[in-house]
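Step one of this worksheet: look at the structure below.
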Amino acid sequence: MTATFDDSLVTGEFFPVRLVEAADAVPVKYGLRRLLVEAGSIASLAVTPPPAQAALLRILYVVTARVSGLDRPAASPSAWLDRRDEVAAEGLDPERVDAYLAEHAERLHLFGARPFLQDPRLAEECSKKAGVNKLVFGRPAGSNQVWFGHHLDADPRPVPADEALLHLLMWLYYGASGRCSTRTVGSLSAANSRSGPLRGSLSYHPEGPTLLHTLVAGIPRPGNGTDPATDRCPWELPELPDPLHPSTANVGPMSQLTAGWQHALLLQEGAQPGTVDDAYITWAARDKLPRPADPFLVMQLSQAGNIYARYADSARGLWRDIDALLIQEPYGTAKPRRPAAFRGVLELDPEDGGPLRVRALGFEQDDQTKDIQYVSGTTPPVLDLIEEREPRLSGRLRTMRVAGELYGRRLDFAVRQAWRELVNNSDAVGPWGELAAVDYWPAAEREFWRRVSARDMDQPWQSFRLLAYRAFDEATASAPPTMRAARAVQRARLAIAGGRRKKT
């Protein structure tokens, strides 16, 4: 008997989740309907890679807003917040969930005449397919070297359909610029695309004790002029967009979460049910689409005065971003702006679950084609320290972060200076910088979160200074037992406290 596969996102098993009563167990897979209706019993999504989860969350925020009525303004801001509290306490109405999913059912299939977030016209408009290895992030494609998986274009391995969906989302939000499959529309033929709207960025999401709280907390508050009839997302539109004249009218908070995509894709169902064995990947629009105002990014100023989203950096601990998430007013030369989604999260702190955490999800990439590393991190419950509630504590938390970073920089300078003096070469790099960083930064992060959990923010300078001294001593312990080496190390060690004192 031939196996069957349910390609409906509504009822098929596409989304891995962890349940509240079995958070440490192997994740189970739900369809969209069950995920929404039972969101109160789900602890969190178990979606990997992290950028795929960041993309999926944006879509789930939209659907949650639609079925709860939180996509439209209320009589007053407080009335909208009251409605949000009701949804968080009572859950989503199954009848409203069913009505919404039934309305868009034809566009909520992975395959078919109008597959989810895909363009079926590519089968006629593209000269050739890109290959499944090109679709799947991390696989070598074309003439690239094989590093982490033995995948060859001559013998490509199909990918499970649920995984293919996640890579589809990653292409839409984080896709590379440059060469792509040739697409011909009318008299225009082109084979290059621009990068996705979230490429290289790090998203920050409020996270509660259940998926229900997480989704409700992430819904952007609609403005007074928001009209759900015009603030529509791709699966809600009756017609496919014109690639030569795409609409740039992202007129509301919902459409902005699914806007700015520069890539168009079409998955090919494999011979084995439930798999994808090929894909078209090409440009979606010839004009550069404006990047929407995304409420989950920290926006800051470059030295040239341009506004950009804070980049994902796998070497940077999440604790070093914490004051940019809690403090409302910008500070420093970069003037980072707190994500707009954090506005109003205080009113949603669940009584039993404590204050909300922050989950960071992103993809360290360059602006064009190089993918470096996935980035993910979660804070302890910290959103009760947001400036509007605890202005004094949030300011002290910022001071603590500054202290941790200051001694990290001084430590780096000190160990490198010690090595340069030891080898008598002002350009030498040496191994001590990396050794000290591996020791200091994880210890500093543990100390930071320990103090945050205990609400102990007194005298942070001394704690981080001692950690820096310890890391310095460990890194320089391999210095030879000579007077010259000892003098070099001791002179450099003074830099941790601010440098050698001048003789008077």
Side-chain angles (χ1 to χ4, degrees), residues 13-16 26-27 29 45-59 110 116-118 128-181 192-203 261-270 272 274-284 311-316 359-378:
E13 296 180 347
F14 278 93
F15 308 108
V26 176
K29 292 183 179 180
L45 295 173
V47 170
T48 57
Q53 184 172 165
L56 178 60
L57 278 171
R58 285 167 168 80
I59 293 170
L110 193 63
F116 183 65
L117 302 184
Q118 300 168 63
K128 64 178 182 178
K129 300 165 189 171
V132 68
N133 290 343
K134 182 74 171 179
L135 169 71
V136 178
F137 284 79
R139 284 191 183 184
S143 59
N144 293 327
Q145 295 291 326
V146 175
W147 295 108
F148 303 111
H150 196 70
H151 298 279
L152 302 174
D153 285 346
D155 185 24
R157 299 178 187 175
V159 62
D162 58 327
E163 294 182 22
L165 170 64
L166 300 179
H167 289 282
L168 164 69
L169 296 178
M170 289 171 64
W171 266 103
L172 294 175
Y173 284 97
Y174 298 89
S177 62
R179 181 75 184 179
C180 64
S181 297
N192 65 294
S193 63
R194 294 179 173 85
S195 58
L198 294 184
R199 185 168 181 83
S201 67
L202 186 64
S203 300
W261 296 341
Q262 299 286 346
H263 296 85
L265 291 89
L266 179 62
L267 307 181
Q268 175 178 287
E269 186 174 10
Q272 181 181 354
T275 65
V276 169
D277 64 6
D278 213 332
Y280 295 94
I281 303 175
T282 187
W283 54 271
Y311 293 118
D313 182 352
S314 56
R316 181 183 175 89
R359 181 174 291 273
L361 302 162
F363 201 166
E364 185 177 358
Q365 304 167 294
D366 71 5
D367 291 335
Q368 297 180 332
T369 61
K370 185 178 181 181
D371 297 333
I372 302 171
Q373 188 167 324
Y374 301 134
V375 179
S376 177
T378 307

Within residues 162-177 or reaching into it, pairs that qualify as salt bridge (Lys or Arg N to Asp or Glu O under 4.0 Å) - sequence neighbours excluded: K29-D162
Side chain proximity check, L361 to R359, heavy atoms < 4.5 angstrom: yes
Distance in Å, L172 CG paired with I59 CD1, rounded so as to fall on 0.5 Å steps: 7.5 Å
Minimum side-chain heavy-atom gap D366-I372 below 4.5 Å: no
Parallel, tilted or perpendicular: rings of W261 and Y173 (30°, 60°): perpendicular
Side-chain heavy atoms of E269 within contact of T275, under 4.5 Å: no
side-chain hydrogen bond (donor to acceptor under 3.5 Å, both in side chains): pairs with one or both residues in residues 47-56, sequence neighbours excluded: none
Interatomic spacing from CG in L135 to CH2 in W171 - rounded to 0.5 Å: 8.5 Å
Non-neighbouring partners of D367 that pass side-chain hydrogen bond (donor to acceptor under 3.5 Å, both in side chains), sequence neighbours left out: none
Interatomic spacing from OG1 in T282 to CG in L265 - rounded to 0.5 Å: 9.0 Å
Partners meeting salt bridge (Lys or Arg N to Asp or Glu O under 4.0 Å) with D371 (sequence neighbours left out): R199
Shortest non-hydrogen contact between A176 and S193, atoms and distance: O-OG, 3.7 Å
Q262 side chain to R194 backbone, donor-acceptor under 3.5 Å: no
Heavy-atom side-chain contact between D278 and L267 under 4.5 Å: no
Inter-residue atom distance R157.CZ - N133.CG, 0.5 Å rounding: 9.5 Å
Q368 side-chain N/O to G178 backbone N/O, donor-acceptor pair under 3.5 Å: no
Minimum side-chain heavy-atom gap D313-V375 below 4.5 Å: no
Flag side-chain contact, heavy atom, 4.5 Å: H263 against Y174: no
Audit row: S203, R58, side-chain hydrogen bond (donor to acceptor under 3.5 Å, both in side chains) steps and yes/no: CA-CA 10 Å; S203 300; R58 285 167 168 80; 2.8 Å; yes
Note, K129 side chain near I281 side chain (heavy atom, < 4.5 Å): no
Ring geometry between Y374 and F363 (parallel below 30°, tilted from 30 to 60°, perpendicular above 60°): tilted
Salt bridge (Lys or Arg N to Asp or Glu O under 4.0 Å) involving R316 - partner list, sequence neighbours excluded: D321, E405
By ring-ring contact (aromatic ring centres under 6.0 Å, His included) - contacts of Y280 (at least two apart): none
Interatomic spacing from CG in L165 to CZ in F15 - rounded to 0.5 Å: 5.5 Å
Heavy-atom check, side chain of Q272 versus side chain of D277, under 4.5 Å: no
